[in-house]
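Accompanying notes for the structure given below.
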Amino acid sequence: MLTSRSSLPAPLAAAALVLLVDTGPHPWSEPLALLACALLPFRRAAPYACLPALVGGLGWPPAVVALYRVGRHDRAPVAALWVVASAAVAATTFVVTQSLPFTQAVLTYAFTLFMAVMPAALGVLLRTRQELTRTLSEARRARTAELVALEEGARAAERARIAREIHDVVGHHATLIAVEAAALSATTPDPEARAAATRLRALAKESLEEMRSTLGLLKSQPPPNTHHDLPALVERARSTGLPITLTDRTTTPLPPSTSRAVYRLVQESLTNATKHAPNAQVHILLATRADTLVVQVRNAPPPHPPPHPRATGGQGLHGLSERVALLGGTLSAAPTPQGGFEVRATLPTTATRVGGERRATVGPETV
């Protein structure tokens, strides 16, 4: 449709101005001007409909509205053409009907041209302002996107630098540990020491491979550990003298992210148990309830408590709490009434969701 409610005030205002004039130069001046006002709702498609009203002398109110529309929406050559045509029609009609001398005719043409230029110039000005505002908004969006890209690039560069530092420093020490353990295994006559050195060498090599895999430094990365690898993890922990029982009551397949989180949770719990409660009995339980997996790692009080106070404030379980929270689960870690320590997590067994609400509660790492 060519008309709308928002376009009605302009025609009504132009018609009111026409009616305020008592009479026009010709008997048909007022009807022609009112007809032009009635055609103003269609000015977007036919702005030229107001030009005939200028011949009657009362057509300026609708002509001003039409010229504003021309300057607001048309290109500069088209707008200039309408301005010149309107001024020529109005001025020529007035000069001819009034038989003006040359000097007054020149002034009439100048004044009429000024009257025609003003509404068109106002339309052009508003259109230019709107385009400039839009351009500035696009420039701001582009600048914001550029800043985000630069920030992401800086973060990526910093992560790469940290990865190189970790690989160079930690990898060097892990390699030395593996070499020293191999030398000890080859030179010691004690079978137990030889077995311990062999295990130490294997753990050092595995730690080095996992570190490189995590940092993305291997071309062919090994598959990540999942909860199916828990028996091997438990056997390695048992070889250090830690008595462990593993009970797996899972009945449904686990999502890959949940399965990896279970492995890391048990691994971190066993590491803490070996460090803070050596030789204490450890019970590991995996059980599914509806669409939830419960992972529980509980150790009894150590038979021989360490002489020094337990260290607290480690970051292992805090890191696990972030991993569990991202999967939409919960994590709690706290001492038991019997004097031991329990780590308990609930994880979804259905499709995981990223950015879950963090509901992890982690106490001091004193497993």
Contacts of Arg298 that satisfy salt bridge (Lys or Arg N to Asp or Glu O under 4.0 Å) - sequence neighbours left out: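 With neighbours one apart ignored, the set is Glu342.
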
When rounded to the nearest 0.5 angstrom, what distance separates [atom1] in [X] from [atom2] in [Y]?
X	Y	atom1	atom2	value
Asn299	Gln338	CG	CD	11.0 Å
Thr330	Leu327	OG1	CG	11.5 Å
Ser321	Leu331	OG	CG	6.0 Å
His228	Thr250	NE2	OG1	7.5 Å
Lys275	Leu270	NZ	CG	12.5 Å
Gln130	Leu125	CD	CG	12.0 Å

Greater than 12 external heavy atoms within 6.0 Å of Arg249's CZ: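 Counting other residues, nucleotides and ligands, CZ of Arg249 stays at 12 neighbours or fewer.
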
Charged N-O contact under 4.0 Å between Arg264 and Glu268: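 No.
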
Side-chain ion pair, Arg201 and Glu180, N-O less than 4.0 Å: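 Salt bridge flag = no for Glu180 with Arg201.
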
I want to check something: taking the side chain as every heavy atom from C-beta on, are [X] and [Y] in contact at a cut-off of under 4.5 Å?
X	Y	answer
Leu285	Val295	no
Val324	Leu347	yes
Thr245	Val282	no
Val294	Arg289	yes
Glu206	Arg236	yes
Asp229	Tyr263	yes

Flag, side chain of [X] to backbone of [Y], donor-acceptor distance under 3.5 Å:
X	Y	result
Thr258	Leu254	no
Thr135	Glu131	yes
Asn272	Ser269	no

Donor on one side chain, acceptor on other, Thr288 and Thr349, under 3.5 Å: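 Distance-only check fails for Thr288 and Thr349.
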
Polar contact flag, side-chain donor to acceptor under 3.5 angstrom, Thr188-Asp190: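 No, Asp190 and Thr188 have no side-chain donor paired with an acceptor closer than 3.5 Å.
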
Working for side-chain contact (heavy atoms from CB on, under 4.5 Å), residues Leu293 and Thr346: CA-CA 5 Å; Leu293 170 68; Thr346 59; over 6 Å; no

Less than 3.5 Å apart, which donor and acceptor atoms pair up between the side chains of residues 138-145 and the rest of the protein, not counting sequence neighbours?
{"from": "Arg140", "atom 1": "NH2", "to": "Ser137", "atom 2": "OG", "distance (Å)": "3.3"}
{"from": "Arg143", "atom 1": "NH1", "to": "Glu146", "atom 2": "OE1", "distance (Å)": "3.3"}
{"from": "Thr144", "atom 1": "OG1", "to": "Arg140", "atom 2": "O", "distance (Å)": "2.9"}

Worked verdict on Leu286 versus Thr247 for side-chain contact (heavy atoms from CB on, under 4.5 Å): CA-CA 6 Å; Leu286 278 69; Thr247 304; over 6 Å; no

Contacts of type side-chain contact (heavy atoms from CB on, under 4.5 Å), residue Ala174, not counting sequence neighbours: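 So Ala174 forms a side-chain contact (heavy atoms from CB on, under 4.5 Å) with Leu208.
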
Stepwise side-chain contact (heavy atoms from CB on, under 4.5 Å) check, Val266 with Leu233: CA-CA 9 Å; Val266 175; Leu233 176 65; 4.2 Å; yes

